[in-house]
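Down below is the structure, laid out as structure tokens.
Not measured: the values here are computed from a predicted model. Below, chains carry the letters A, B, ... as their sequence lines are ordered, and counting in each starts from 1.
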2 protein chains.
Amino acid sequence: MSEPTSRQRLIEAAIEAFAERGFHATTTRDISTRAGMSPAALYVHHASKEQLLYEVSSFGHADTLAMVREVYASSEDPVERLRLMQYEFTRWHAVHQQKARVVQYEIAALTPEHRREVAGYRRDIEQVYRDAIGAGVDKGVFDVEDVRGTALALISMAIDLVRWYQAEGPRTPEGIADLYAQLALRAVGVSDA
Amino acid sequence: MSEPTSRQRLIEAAIEAFAERGFHATTTRDISTRAGMSPAALYVHHASKEQLLYEVSSFGHADTLAMVREVYASSEDPVERLRLMQYEFTRWHAVHQQKARVVQYEIAALTPEHRREVAGYRRDIEQVYRDAIGAGVDKGVFDVEDVRGTALALISMAIDLVRWYQAEGPRTPEGIADLYAQLALRAVGVSDA
DNA sequence: GTCTATATGAAGATAGAC
DNA sequence: GTCTATCTTCATATAGAC
């Protein structure tokens with residue numbers, strides 16, 4: 001493990017600052033100071049404050065999409081697949097609470113072009129959830145009328161925890177993930193969950 | 001129905017602007033222009049931009065707390081009570097999507113004192129949900145191990161819809177509220193929901 | 001690649017006429 | 001209570017030395 005580069009230190013400082021204060025309330029001075037540099041140093045490594053946000057947002061979205069796709073491919077059993085999907089998706093938002101907060105709540109601050117790009121990732125993530133639920137319905141294992149609405153509800157549950165979750169609090173990421181995985185199965189009508 | 005006062009017009013303009021852009025990205029010029037006034041007019045009716053936010057946030061929180069308390073008192077039956085609670089809480093967030101967005105996502109922009117005040121409202125709302133779930137567990141109607149976590153999950157589901165819900169989209173507030181009420185009952189282990 | 005110094009613009013809020 | 005004009009502060013981003 002080598003030292004992080006200045007570029008990487010600035011990204012991590014930006015995640016911290018954006019998560020705590022929000023993009024618009026964060027100053028480039030705040031970011032560079034957290035990274036232990038002068039205000040000007042930021043622009044040697046990143047073109048603008050928005051570019052920093054885009055970096056965080058785009059990697060974060062790609063990450064979560066890859067994760068749910070991997071889970072989807074990992075099993076043929078609808079119950080185990082949905083359980084693991086909600087478990088991992090929930091856990092990611094708790095473990096990476098700061099990054100997740102930026103990913104989920106600062107989309108409006110991106111340029112229109114960057115916003116369109118992440119919108120694509122988001123559509124794809126929802127599609128994987130719909131596929132996972134739809135497969136269970138097709139096999140007669142799940143009892144769901146509104147597949148799309150149920151997918152949105154499960155995603156919402158996991159995403160919203162970045163609004164209130166605190167790493168210092170009593171709950172572990174795994175504890176919440178377990179609970180939310182159970183709630184996901186109950187939501188699709190698997191009664192012995 | 002008389003004309004809204006300038007004061008009220010400014011509050012409504014602020015809700016619109018804060019919901020679309022966020023508190024920090026909104027300028028006082030934007031608010032006053034939306035209300036059809038000059039930048040200076042805002043300060044005749046409101047002390048500051050933060051005071052406008054506080055007005056929206058505090059009334060919104062008081063509103064939702066009163067609503068869930070009313071629902072709690074309206075029935076003794078745990079199933080009907082929780083169903084109605086999730087229905088009304090969800091519907092409120094869809095119907096008042098812009099106001100709800102400001103209420104739920106701009107807490108960090110309040111002054112510490114104002115933030116403490118709304119934190120109290122939020123604790124109380126969670127408590128009503130915990131009571132509603134706990135009562136069903138005590139009566140042996142609900143099957144829930146983690147009452148607090150389940151309450152948070154149900155609240156999260158409803159709150160998060162302000163992030164994606166669009167009045168122009170295909171879903172009605174009542175349609176989402178029906179679905180989320182059903183999901184709430186399934187979450188507490190009422191299997192014929 | 002880092003710094004100090006600064007250009008440039010725009011924000012929140014106020015002054016003072018009507 | 002509304003306006004125009006403006007004060008003051010602070011933000012993003014750049015210039016240029018080392």
Nucleotide [N], atom [atom2] - distance to [atom1] of [X] in whole Å:
{"X": "B:His24", "N": "D:dA11", "atom1": "NE2", "atom2": "P", "value": "12 Å"}
{"X": "B:Ile31", "N": "C:dG12", "atom1": "CD1", "atom2": "P", "value": "8 Å"}
{"X": "B:Met37", "N": "D:dC3", "atom1": "CE", "atom2": "P", "value": "8 Å"}
{"X": "A:His46", "N": "C:dT2", "atom1": "NE2", "atom2": "C1'", "value": "15 Å"}

task: May I ask you to say what A:Thr27 touches in the nucleic acid, namely base, sugar-phosphate or nothing, with a heavy-atom cut-off under 4.0 Å?
output: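 Sugar-phosphate, backbone atoms only, no base.
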
query: What is the nucleic acid contact for B:Thr26, judged by heavy atoms within less than 4.0 Å: base, sugar-phosphate only, or nothing?
result: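 Sugar-phosphate: the residue B:Thr26, judged by heavy atoms under 4.0 Å, touches backbone atoms but no base.
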
Under-4.0 Å side-chain N/O to phosphate OP1/OP2 contact, B:His45 with D:dT2: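 Checking D:dT2 against B:His45, a side-chain N or O does come within under 4.0 Å of OP1 or OP2.
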
State plainly whether the residues [X] and [Y] are in salt-bridge range, i.e. N to O under 4.0 Å.
{"X": "B:Arg83", "Y": "B:Glu80", "value": "yes"}
{"X": "A:Arg123", "Y": "A:Glu126", "value": "no"}
{"X": "B:Glu88", "Y": "B:Arg91", "value": "yes"}
{"X": "A:Arg81", "Y": "A:Asp77", "value": "no"}
{"X": "A:Asp160", "Y": "B:Arg163", "value": "no"}

Selection residues 116-140 of chain B - residue pairs positive for ring pair (Phe, Tyr, Trp, His ring centres under 6.0 Å), sequence neighbours left out: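 Listed by first then second residue: B:Phe89-B:Tyr129.
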
- prompt: So among B:His46, B:His61, B:His114, which one has a ring-ring contact (aromatic ring centres under 6.0 Å, His included) with B:Tyr54?
  reply: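 Only match with B:Tyr54 under ring-ring contact (aromatic ring centres under 6.0 Å, His included): B:His114.
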
task: Rounded to the nearest 0.5 Å, what's the gap from CD on A:Gln127 to CD1 on A:Ile125? Could you check?
output: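 Between A:Gln127 CD and A:Ile125 CD1, I get 12.0 Å after rounding to 0.5 Å.
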
- request: With axes from five pairs an end, tell me the bend angle of the helix from C:dG1-D:dC18 to C:dC18-D:dG1, nearest 10°.
  value: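 Taking five pairs per end, the axes differ by 10°.
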
- prompt: Transitive ILVMFWY cluster of B:Val44 at side-chain heavy atoms under 4.5 Å: who else is in it?
  reply: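 Result for B:Val44 is none, singleton.
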
- prompt: Given a cutoff of under 4.5 Å between side-chain heavy atoms of I, L, V, M, F, W and Y, with clusters grown through shared members, what are the other residues clustered with B:Val95?
  reply: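 Its cluster mates, by chain and number: none.
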
Protein-to-nucleotide contact annotation, 5' to 3' order, nucleotides 13-18 of chain D [B base; S sugar-phosphate only; - none; under 4.0 Å, heavy atom]: BBB---

query: Using a heavy-atom distance cut-off of less than 4.0 Å, which residues of residues 51-60 of chain A contact DNA chain C?
result: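 When residues 51-60 of chain A is checked for heavy atoms under 4.0 Å from DNA chain C, there are no hits whatsoever.
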
query: Should the heavy atoms of other residues, nucleotides or ligands under 6.0 Å from CD of A:Gln8 be counted, would the total exceed 12?
result: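 More than 12 within 6.0 Å, yes.
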
